[in-house]
S.K.: 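The structure is given below, and queries will be raised subsequently.
Only this structure's heavy atoms are used, side chains among them; waters, hydrogens and symmetry mates stay out. Predicted model, so just to flag it, every value in this text is computed and none were measured. Sequence lines set the chain letters: A, B, ... in the order given, protein chains first and strands last, and positions in each chain run from 1.
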Amino acid sequence: MAVQILKEKYAQPVRAFKLGNTAEEGGTRGYSLTVGGEGTLPFQHYEGENPNKPIVAMEVNSNKQLDWKDTLVDAIGKDVVADPAKWAQFNKEAGADAIYLKLDSADPDKGGDSPEACAQIAKDVLAAVDLPLIVAGSGNATVDEEVLMAVAEATKGEGLLLGFAETEHYKALVAACLGNGHGIIARSPLDINICKQLNILIGEMNMPMERIVIDPLVSSVGYGIEYAYSIMERGRIGALTGDKTLAMPLIATVGFEAWRQKEAWGTTEEYAEWGEQSQRGPAWEATTAAACLQGGVDILCMRHPDAVKTIKHQIDALMTK
Amino acid sequence: MGLTGLAIFKQLPKKNCKECGVATCMAFAMALAAGKASLDACPYVTDEAKEALDSAAAPPIKTVKVGVGEKEVVLGDETVLFRHDKTFFHPTGLGFLVDDNDAELDAKIDNIDGLQFDRVGQHYVVEFVTLNNASGDAAAFAAAAEKAAAKKAVILKADDPAVLSAALDKIAAEKPLIYAATADNYEAITEVAKKYEVPMAVYAEGLDALEDLVNKIVALGYKELVIDPGSRQTAQVLADMTQIRRLAVKKTFRPFGYPTITFTSEEDALDEAIQAVAYVAKYCSIVVMKNAIKGYVLPILSWRQNVFTDPQKPVAVEPKLMEIGAVTPDSPLYITTNFSLSYYSVEGEVEASRIPSYIIPIDTDGTSVLTSWAAGKFGGEQIAAAMKANDMDSKLNHKDVIIPGFVAVIAAKLKDETGWNVIVGPKEASGISGFAKANFA
């Protein structure tokens with residue numbers, strides 16, 4: 001007797017987002033990447049289409065006083081992290097599908113780069129590697145608007161993904177993305193209603209919904225990731241059952257969250273009972289990423305090459321039908 | 001559980017005798033369906049109806065216990081597919097494989113037992129030694145089983161009923177899980193499980209074969225089962241585990257109403273660890289791994305703790321004065337809430353500042369800073385009371401207290417209540433380290 005497999009019937013798939021433009025598409029990228037488009041809960045291939053695999057965008061941070069822990073910097077190289085172009089090349093060799101350029105140097109406390117200087121960094125990264133590019137501001141709202149505007153204009157036609165749009169300030173970024181052919185990251189702090197509202201507000205400015213990617217603001221494993229996990233599961237169920245304001249791909253700043261925690265960077269000497277830091281660090285980041293994949297994340301922004309290697313291996317396994 | 005009031009009503013005597021304390025049989029049926037009454041209250045229900053109702057009302061996934069005493073692991077009895085629908089009840093048990101003829105058997109068992117961690121006020125352990133009968137020898141297996149059972153709950157992995165019996169002669173009282181009954185040996189293995197009264201894993205390749213085999217074993221009268229659909233490829237395991245959970249919970253499909261077990265297939269230790277992470281998220285009751293390495297197991301256990309946290313019950317820390325580092329009467333004093341996420345974020349950053357400090361987590365019933373402030377649980381009065389209760393006036397040489405930036409509005413009230421100088425700290429915990437260095441270094 002055969003078991004009657006229980007397949008869910010869904011109203012719609014998640015929208016797909018295309019990151020990066022090749023020469024034929026008006027840019028200079030070696031390839032473009034499509035993410036999202038899922039027709040099922042994560043990796044339940046037997047009940048629908050999951051046409052695109054999740055991708056890893058490795059971080060390049062422009063912060064002149066980079067405050068990353070030595071253990072993480074050493075895995076990349078001190079000379080590498082001092083030069084965004086070199087760093088981008090390193091990331092490509094480490095298996096990155098895309099680059100996540102975090103323009104922390106725009107913050108007056110982290111270098112105070114002008115909007116023009118920031119735009120130049122983005123162009124340098126584009127020149128260094130042919131990977132699709134994601135760019136995020138410094139987090140300092142007073143400078144980010146102009147910085148992202150300058151980046152959007154300087155990279156017109158490349159099909160970037162720019163962030164972060166938040167409910168208090170999104171209009172300038174939406175305008176910059178709209179006018180220059182970029183996608184936008186809509187960030188909402190662990191709240192499904194704010195997430196929907198922000199997507200609607202962005203849509204009202206005539207931004208096509210398929211150019212929005214949701215950042216639900218995940219946290220690290222061990223530090224409340226279960227809240228983000230449940231928000232993502234609820235959001236995906238909402239999207240599949242017909243809520244158009246939730247049917248966008250997800251992005252998560254995994255590396256940033258994981259490496260803030262002492263479980264990742266605490267030395268073996270100081271935290272011997274937690275095991276070897278050289279294993280624990282990449283594992284903490286990879287575990288956070290693996291949890292995000294089960295929650296339905298499409299774009300993982302990551303840092304450590306070992307964590308990236310293992311998560312890419314898992315993504316291939318998860319996409320095996 | 002699982003039955004509608006109407007379905008229950010059909011089985012009741014329909015006398016409306018009121019002896020159960022409810023006006024009508026229908027009302028009693030509704031109360032039963034809501035879990036607010038017990039069938040025992042009805043003096044006239046027939047034995048047949050009682051049995052029918054009991055078995056229909058059995059939970060969708062059976063509870064199975066492995067191990068005894070402190071080593072007991074409770075598996076199954078889950079009722080939802082998503083933790084946001086209610087909660088997940090019984091955390092995935094982690095087991096680690098050891099061969100019974102391993103020259104370093106003792107050291108490996110000790111190593112598995114040593115996978116213990118303290119973090120965020122919790123103690124994490126792994127549950128099982130999974131003893132593999134690599135020797136093919138009954139006496140060696142039994143001797144190794146005794147060693148394993150001295151430290152952990154045990155999964156006995158062997159095909160031969162005689163080998164399993166030899167081990168069970170020694171450790172049946174420890175209630176190990178035997179692995180596994182298959183299509184080839186199920187009758188003999190089920191006999192062993194029955195004889196020694198131990199739970200038994202059922203292994204079949206694919207869901208169809210698994211249903212078939214479970215039904216055969218249940219027909220033999222044994223239900224202390226843990227089921228293994230045989231898949232080992234990551235996506236296939238997730239698909240099978242999802243189907244087992246869905247069919248059990250949504251369709252009350254009895255053949256799949258048991259806890260589950262799987263084995264990792266990845267060889268590289270980090271690949272293996274995050275394979276286990278996926279299995280913890282998606283419905284495996286037991287995951288058996290090969291590499292017992294602390295640095296890889298800590299993140300798995302942290303994730304497990306997250307997934308199995310009750311979403312409706314905030315995790316709180318004890319609202320008492322906390323000392324971070326070698327504090328002195330000159331150390332700074334921080335205030336936060338006793339919501340564990342708030343507290344441990346603050347604690348982590350204070351620790352990172354490397355400036356010994358005091359923290360008082362105010363009792364806000366485990367709610368966060370803004371939520372508790374909005375609910376009137378985190379204001380000048382409550383903080384003043386906690387400072388007084390902890391006798392801060394005499395403990396410290398200074399009179400500076402730091403409050404979270406999000407509740408700057410309570411500063412004046414707190415100053416009035418205590419006479420202390422109130423410093424408004426950063427809004428986010430991530431700002432504390434920089435704030436501390438700028439102000440107290």
S.K.: Side chain from CB out, backbone as N, CA, C, O: work out which of these in B:Ala239 comes under 4.5 Å of a heavy atom of chain A, or both, or neither.
M.R.: both
S.K.: Using non-hydrogen atoms only, which part of A:Gln4 is less than 4.5 Å away from chain B: side chain, backbone, both, or neither?
M.R.: backbone
S.K.: Based on non-hydrogen pairs under 4.5 Å, which of A:Gln294, A:Gln277, A:Glu273, A:Glu47 is most in contact with chain B?
M.R.: A:Gln294
S.K.: Identify which part of A:Gln44 has an atom lying under 4.5 Å from any heavy atom of chain B, answering side chain, backbone, both or neither.
M.R.: side chain
S.K.: For this output row, return yes or no: ring centroids of B:Trp303 and A:Tyr229 closer than 6.0 angstrom.
M.R.: yes
S.K.: Below 4.5 Å from any heavy atom of chain B, which atoms of A:Tyr223 appear? Answer side chain, backbone, both or neither.
M.R.: both
S.K.: Need one label for A:Gln314: side chain, backbone, both or neither, based on atoms under 4.5 Å from any heavy atom in chain B.
M.R.: side chain
S.K.: Got more than 12 heavy atoms from elsewhere within 6.0 Å of CZ, B:Arg232?
M.R.: yes
S.K.: With a 4.5 angstrom heavy-atom cut-off, could you sort out which part of B:Asp118 is near chain A: side chain, backbone, both or neither?
M.R.: backbone
S.K.: Please identify, among A:Arg234, A:Glu276, A:His45, the residue contributing the most non-hydrogen atom pairs under 4.5 Å to chain B.
M.R.: A:Arg234
S.K.: Under 3.5 Å, is there a donor-acceptor pair linking the side chains of B:Glu205 and B:Tyr203?
M.R.: yes
S.K.: Check whether the side chains of B:Ser353 and B:Ser433 place a donor and an acceptor atom closer than 3.5 Å, and report yes or no.
M.R.: no
S.K.: Chain A heavy atoms under 4.5 Å from B:Phe308: which part of the residue, side chain, backbone, both or neither?
M.R.: neither
S.K.: Using heavy-atom distances under 4.5 Å, tell me whether B:Gln236 contacts chain A through its side chain, its backbone, both, or neither.
M.R.: neither
S.K.: Given heavy-atom pairs under 4.5 angstrom as the criterion, report whether the side chain, backbone, both or neither of A:Lys7 touches chain B.
M.R.: backbone
S.K.: Which bit of B:Leu341 is near chain A, if near means a heavy-atom gap under 4.5 Å: side chain, backbone, both or neither?
M.R.: side chain
S.K.: Checking heavy atoms, do the side chain of B:Arg119, its backbone, both or neither come under 4.5 Å from chain A?
M.R.: both
S.K.: Using the side chain to side chain contact (heavy atoms under 4.5 Å, CB included) rule, pick out the option among B:Leu210, B:Ile244, B:Leu225 that qualifies with B:Tyr258.
M.R.: B:Leu225
S.K.: Against chain B, label A:Leu41 side chain, backbone, both or neither, depending on which of its atoms sit under 4.5 Å from a heavy atom there.
M.R.: side chain
S.K.: Checking A:Asp104 against A:Ser138: is there a side-chain donor and acceptor pair closer than 3.5 Å?
M.R.: no
S.K.: With side chain to side chain contact (heavy atoms under 4.5 Å, CB included) as the test, pick out the partner of B:Val287 among B:Ile300, B:Thr260, B:Val277, B:Thr264.
M.R.: B:Thr264
S.K.: Hey, does the side chain of A:Arg280 reach the backbone of A:Gly275 with a donor-acceptor pair shorter than 3.5 angstrom?
M.R.: yes
S.K.: What part of B:Phe339 is in contact with chain A, defined as an atom under 4.5 angstrom from a non-hydrogen atom: side chain, backbone, both or neither?
M.R.: side chain
S.K.: At a 4.5 Å cut-off on heavy atoms, which part of A:Ile237 comes close to chain B: side chain, backbone, both, or neither?
M.R.: side chain
S.K.: Tell me whether the NZ or CZ atom of B:Arg83 lies within the 45° cone about the ring axis of B:Phe88 and under 6.0 Å from its centre.
M.R.: no
S.K.: By a 4.5 Å heavy-atom criterion (distance strictly below it), what part of B:Gln233 contacts chain A: side chain, backbone, both, or neither?
M.R.: side chain
S.K.: Would you tell me whether A:Asn63 and A:Ser105 have side-chain atoms, one donor and one acceptor, within less than 3.5 Å of each other?
M.R.: no
S.K.: What part of B:Ile293 gets closer than 4.5 Å to chain A, counting heavy atoms only: side chain, backbone, both or neither?
M.R.: side chain
